[in-house]
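See below for the structure under consideration.
In what follows, every chain begins at residue 1, and chains take the letters A, B, ... in the order their sequences are listed. The basis for the numbers below is simple: all heavy atoms, side chains too, and nothing from hydrogens, waters or symmetry mates. Note that this is a predicted model, so its numbers are computed, not measured.
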Number of protein chains: 2
Amino acid sequence: MLHVNARQAMLPHPVLVKTGLKPVGAEKPFLQFIAPGDELGVSATSPRLYRVVEGCLADCRLLGDGRRQITDIVGPGRAIAQQPERDGSCAIKALTFTEVEVLDPAANPALASETAIDSLSRLARHAALLGRMNAAEKVANGLLDLAAQFPRKLRQGHPVLTLYLTRSDLADWLGLTVETVSRTLNQFKRAGVIDYSHAEIVTLSRPERLKEIAIGRPLAKLNSKPKGEHP
Amino acid sequence: MLHVNARQAMLPHPVLVKTGLKPVGAEKPFLQFIAPGDELGVSATSPRLYRVVEGCLADCRLLGDGRRQITDIVGPGRAIAQQPERDGSCAIKALTFTEVEVLDPAANPALASETAIDSLSRLARHAALLGRMNAAEKVANGLLDLAAQFPRKLRQGHPVLTLYLTRSDLADWLGLTVETVSRTLNQFKRAGVIDYSHAEIVTLSRPERLKEIAIGRPLAKLNSKPKGEHP
DNA sequence: CGAAGTTTTGACATCGTTCAAACAACGTGG
DNA sequence: CCACGTTGTTTGAACGATGTCAAAACTTCG
């Protein structure tokens, strides 16, 4: 049985560029491919604007000692600005083979400002997640975000997503540890809220339930009774 | 003994506008005063840009149930953009009597984009704080940030800051509870790192030590020996 | 003085981390 | 093809930092 690892697969399915943001301006779009683990434009002299065509980028921030915080996950159609950080190094890392359009912010002021607004709004939301949510809410919100950014074909009417993030990436994004992420995902799986056999392809079996968890309704204790869960 | 509460005092000391950002553009600067607790421009039809002249603003985000996350604290000289949020209501609240310049982003594109960059950079930093730091690190970083934004006259050579935030505000900013904030501050105080008699005026007695705590060097257990602390 | 709000403190519970180990998937080289 | 190393995932047990609950102490103000 041939199983293609989604994280490593080169352009797993035909490219369909989603134009969630404004179309590119005058100068010719410069396409670039990045391999998983590679960092983007470390040596860029001028600020750059990247728009993801296919794949997945992570906006990372390192914290002196090894600690890492991923501040955003960027999927196809979304753009991200490379800002030269004053203190506390930061980087944009590819989590899979990724294709990006490299743009000049100066030549695309509208896209640049739209990207800034979008990043700001998402980041503020994420700050609320990091500061005020428990593990289950964090993971639920994370999954819903990723399901919107990395959708696959429905499976039996249920949304499916490609999980380009490892448990470790998820942990660094959601402010948790790998263990807690793994435990929470398996808890969801046991409760029938999500499903997965390969760690990188997740089905949202009960998206409504996931949304409830995301806004704070706790997942009822399910170790008490093995039945009475599914409708 | 006449004690003026710093949080309630109307313009406690002579205004000295710090122009950390670009000077205002063409159209006449429109000044506005806000009382503590008041929200800013809830009914604004168009996006607005506010530059703090004097006082303190908090960028808040509400979370369905009562939970609140303050994503940024804005002091004199800094600007903040009012963005109409899609989901999850947000607001800009004054934490003391505050004077702001009300500006039109369209008329001040440079200031607007500079503000966006600044907010983004601070927020990303704050996300790392929320997601990856323990209580002591959070409080230390918070204090250092506030000391830079709300400096008072040195006291015996030590930096002093006006703490416009209540313990509850600090908790909502740093992703903690009031109790933990209070405990941590008193822990710092007992260790001689900071000092305060009134809850709103804090002296950084040992700023270098505070910086070390801020980057992760833990505050040594000090309940073991009451002496041997200071050099 | 008494009321209301804020801060501090204590006792206790708990969620998430830490530490450790087993397991699974994958690539490599024999 | 299999043994092996590496990396990622899962699981268990124990601990501890932080949250929760409750109440006292303090500040401000009527």
Checklist entry - Is the shortest heavy-atom distance from the side chain of B:Tyr50 to the side chain of B:Val74 under 4.5 Å? => result no
Item to check | d(CZ, B:Arg132; C1', C:dG16) in whole Å | outcome: 12 Å
Checklist outcome for this item: B:Leu174 CG to D:dA17 C1', in whole Å, measures 16 Å
Item to check | Nucleotide C:dA25, atom P - distance to CD of A:Glu200 in whole Å | outcome: 10 Å
Next on the checklist: Quick check for you: among D:dT9, C:dT7, D:dT11, whose closest atom lies nearest to any side-chain atom of A:Arg190?
Outcome noted: D:dT11
Next on the checklist: Please pick, from C:dT9, D:dT18, C:dT17, the nucleotide with the shortest atom-to-atom distance to any side-chain atom of B:Ala135.
Outcome noted: D:dT18
Checklist outcome for this item: Per atom distances to the A:Thr180 side chain, the nearest of D:dT18, D:dT9, C:dG16 is C:dG16
Checklist entry - Got a salt bridge between A:Arg68 and A:Asp169, using NZ or NE/NH1/NH2 to carboxylate O under 4.0 Å? => result yes
Checklist outcome for this item: The answer to which of A:Ser168 and B:Ala136 contacts DNA chain D further toward the 5' end, by nearest nucleotide, is A:Ser168
Checklist entry - Can you check the A:His198 NE2 to C:dC26 C1' distance for me, whole Å? => result 13 Å
Checklist entry - Between A:Leu176 and B:Ser182, which is nearer to the 5' end of DNA chain C once each is assigned its nearest nucleotide? => result B:Ser182
Item to check | Distance-only donor-acceptor test (3.5 Å): side chain A:Arg183, base C:dT18 | outcome: yes
Item to check | SB check B:Asp65 A:Arg217 (cutoff 4.0 Å) | outcome: no
Checklist entry - Does a nitrogen or oxygen in the side chain of B:Asn186 sit under 4.0 Å from OP1 or OP2 of C:dT7? => result no
Item to check | salt_bridge(A:Arg209, A:Glu212) N-O dist < 4.0 Å | outcome: yes
Checklist entry - Looking at A:Asp195 and A:Arg155, does any basic side-chain N land under 4.0 Å from a carboxylate oxygen? => result no
Item to check | Candidates C:dG16, D:dT18, D:dT20 - which lies nearest the side chain of B:Asn134 | outcome: D:dT18
Next on the checklist: Rounded to whole Å, how long is the line connecting atom CD1 of A:Ile194 with atom P of D:dT9?
Outcome noted: 13 Å
Checklist entry - Which residue, A:Glu179 or B:Tyr196, contacts DNA chain C at a nucleotide closer to its 5' end, judged by nearest heavy atom? => result B:Tyr196
Checklist outcome for this item: When rounded to whole Å, the CG to P distance for the pair A:Asp172 and C:dG16 reads 17 Å
Checklist outcome for this item: Rounded to whole Å, the CE-P distance (B:Met133 to D:dT18) equals 13 Å
Item to check | Protein-nucleotide distance (A:Arg167, atom CZ; D:dG8, atom P), rounded to Å | outcome: 12 Å
